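Take a look at the structure below.
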Protein chains: 2
Amino acid sequence: MGTTQLESVPEPKYWHLRTVLSEALDSEFAVGEILPNERELAARFGVARATLRQALEQLELEGRLQRRRGVGTTVAPPRVGVAVGPSGHAWPGAGDDGWQAVDCTLAAPPGAVARMLETAPQEPVHTVRRSRVSHGQPVAAELLYIPASSVPDLSAIDAPTGTTRARAVLRELHRQTLEGQDRSVELGSAGADDAKELDRLPGAPVLVVTTRFFTEGRTAAVSLATYRADTCRLTFGDSGSVEIHHGPETRAS
Amino acid sequence: MGTTQLESVPEPKYWHLRTVLSEALDSEFAVGEILPNERELAARFGVARATLRQALEQLELEGRLQRRRGVGTTVAPPRVGVAVGPSGHAWPGAGDDGWQAVDCTLAAPPGAVARMLETAPQEPVHTVRRSRVSHGQPVAAELLYIPASSVPDLSAIDAPTGTTRARAVLRELHRQTLEGQDRSVELGSAGADDAKELDRLPGAPVLVVTTRFFTEGRTAAVSLATYRADTCRLTFGDSGSVEIHHGPETRAS
DNA sequence: AAGTGGTCTAGACCACCTC
DNA sequence: AGGTGGTCTAGACCACTTG
């Protein structure tokens with residue numbers, strides 16, 4: 001019989017579109033340039049807007065595009081390398097990492113964090129909010145959970161909340177001896193408040209970096225940092241930071 | 001004046017849906033259980049299927065759900081922690097990391113890789129394919145790029161391709177002295193072949209781990225590993241592996 | 001006010017898996 | 001064959017930014 005499936009495996013339109021656009025981006029557009037609007041692009045390629053959007057979504061996920069409501073779609077610069085745990089072990093807030101303490105409250109952490117801290121499920125802990133800015137753009141938001149037992153001598157005189165409180169808590173934390181840390185990275189989506197702080201919409205993809213700080217066998221603190229996945233490349237260099245490289249796409253489609 | 005915006009910021013339906021489903025998942029479903037199909041869920045919540053799908057997409061991104069065409073949507077188990085660069089520096093393939101060499105060819109690497117290797121743009125390099133399996137599931141696919149200069153004594157007698165060739169190349173590579181390495185993690189999307197190897201659809205979100213291996217100041221090899229972002233949590237422990245923790249969502253919405 | 005991307009709908013058909 | 005998720009369409013309206 002004849003039907004030998006010549007044109008088999010028809011790849012989805014949006015995927016093909018992604019490839020075409022990706023190549024156009026490489027050759028015909030400069031960083032920062034704004035693309036034609038979605039309705040026009042869709043018409044130009046002869047597809048529905050939803051299909052075109054599916055392709056754009058992919059490219060945004062890969063850090064190639066940046067879309068802003070009311071403004072347009074622009075060609076994104078290469079991802080910025082952000083150092084995570086730059087060198088050896090160090091307490092958060094020691095030295096000048098890129099972080100900036102914002103606030104500090106006393107509140108019950110999420111269950112997962114309580115479990116890591118080995119505190120009672122509803123027990124309040126010091127919660128330091130920090131944010132990180134790189135090249136003028138917010139790249140990460142962090143919540144640092146520090147149980148009272150890790151800052152035993154915290155003077156009650158300091159402000160009960162606010163930036164000064166945050167710094168006081170960190171200062172006390174540094175008095176402990178750091179014995180080790182333990183990091184993990186996973187994909188997540190930005191909650192409403194994270195999204196606002198990162199200047200993204202809720203649900204935006206983020207890289208969630210969970211760090212546990214150990215002292216005397218116990219977990220002295222837990223950091224939960226969310227990095228903008230579209231603009232950041234997390235680096236764990238043993239040596240200094242390195243040259244740019246372009247595009248997370250691994251192999252041709 | 002009166003209009004104090006009581007019910008302002010109406011969050012999108014799909015986002016609200018995501019929250020509702022997420023809570024239902026916590027309380028009413030067991031891992032592995034299959035959910036009602038999309039058409040029924042959409043009807044039950046009184047939304048279009050596309051809207052429901054947007055919510056499911058979010059939950060899948062967060063590793064809470066697993067969807068398989070022709071089968072259904074199931075509740076995903078907690079993400080597995082996958083050790084990346086478990087302890088200190090080591091050549092890839094030395095000792096028993098979770099990797100398994102699959103193949104080896106001689107081909108021109110992507111431009112970005114050539115730049116890191118400091119080889120000419122179209123110069124072919126040894127390209128070792130490896131795959132990693134955890135708990136019976138494929139979790140990562142890797143391409144290891146090794147320029148000829150890093151394996152000078154590679155005997156021409158060995159098979160020119162295939163698994164044995166891959167092992168021979170790695171064996172030769174290990175003869176060099178490893179001076180350091182440099183890692184970065186970013187979000188990407190699976191290419192067609194990666195997708196197949198990871199048992200996902202093209203475009204599936206992956207965590208791309210780029211590792212450079214240094215020797216005598218040069219880059220001796222580059223590894224480009226793509227991990228399934230939905231099922232994996234990358235761990236960079238200084239200590240042994242740790243307990244599960246649940247859910248990458250950082251804060252309540 | 002006009003233009004952008006973001007959300008949502010109600011359909012249709014397709015690819016894949018299981019029985 | 002029947003059921004599932006995946007793709008695609010052609011519209012509508014909304015939220016946001018900018019002149």
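All values reported here derive from a predicted model rather than from experimental measurement. The chains referred to below are lettered A, B, ... by the order of the sequence lines, with proteins before strands, and numbering in each begins at 1.
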[X] side-chain N/O to [N] phosphate OP1/OP2 under 4.0 Å:
X     : N      : answer
B:R68 : C:dC16 : no
B:N37 : D:dG3  : no
A:T73 : C:dT4  : no
A:R53 : C:dG6  : yes
B:Y14 : C:dT7  : yes

Among residues at least two apart in sequence or on other chains, which ones pass side chain to side chain donor-acceptor pair (under 3.5 Å) with A:R67?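 Side chain to side chain donor-acceptor pair (under 3.5 Å) list for A:R67, sorted by chain: A:E38, A:E60.
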Residues forming a side chain to side chain donor-acceptor pair (under 3.5 Å) with B:S131, sequence neighbours excluded: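 B:S131: no side chain to side chain donor-acceptor pair (under 3.5 Å) contacts found.
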What pairs with [X] under salt bridge (charged side-chain N to carboxylate O under 4.0 Å, His left out), at least two apart in sequence or on another chain?
X      : answer
B:E40  : B:R44
B:R228 : B:D230
B:R132 : none

Using atom [atom1] of [X] as one end and atom [atom2] of [N] as the other, report the distance to the nearest whole Å.
X      : N      : atom1 : atom2 : result
B:E57  : C:dT7  : CD    : P     : 12 Å
A:E38  : C:dT7  : CD    : P     : 11 Å
B:E40  : D:dG5  : CD    : C1'   : 15 Å
B:W15  : C:dC8  : CH2   : C1'   : 17 Å
A:D199 : D:dT17 : CG    : P     : 9 Å
B:E11  : C:dG6  : CD    : P     : 18 Å
A:Q66  : C:dG5  : CD    : P     : 13 Å
B:R200 : C:dC16 : CZ    : C1'   : 14 Å

Check whether any side-chain heavy atom of A:P92 lies under 4.5 Å from a side-chain heavy atom of A:R130, and answer yes or no.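 The answer is yes, as the side chains (C-beta and beyond) meet within the 4.5 Å cut-off.
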I'd like to check A:K13 versus A:Q54 (side-chain heavy atoms, cut-off strictly below 4.5 Å). Are they in contact?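 A side-chain contact is absent here, since even the closest heavy-atom pair is not under 4.5 Å.
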When all nucleic acid strands are considered with a 4.0 Å heavy-atom cut-off, which category describes A:L201: base, sugar-phosphate, or nothing?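 Sugar-phosphate contact only.
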Base-contact (B) and sugar-phosphate-only (S) positions in nucleotides 9-15 of chain D, heavy-atom cut-off under 4.0 Å, - elsewhere: B--BB-B
Taking the side chain of A:V71 as heavy atoms from C-beta outward, which of D:dT17, D:dT7, C:dC8 is closest to it?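 Taking heavy atoms from C-beta onward, the closest nucleotide is D:dT17.
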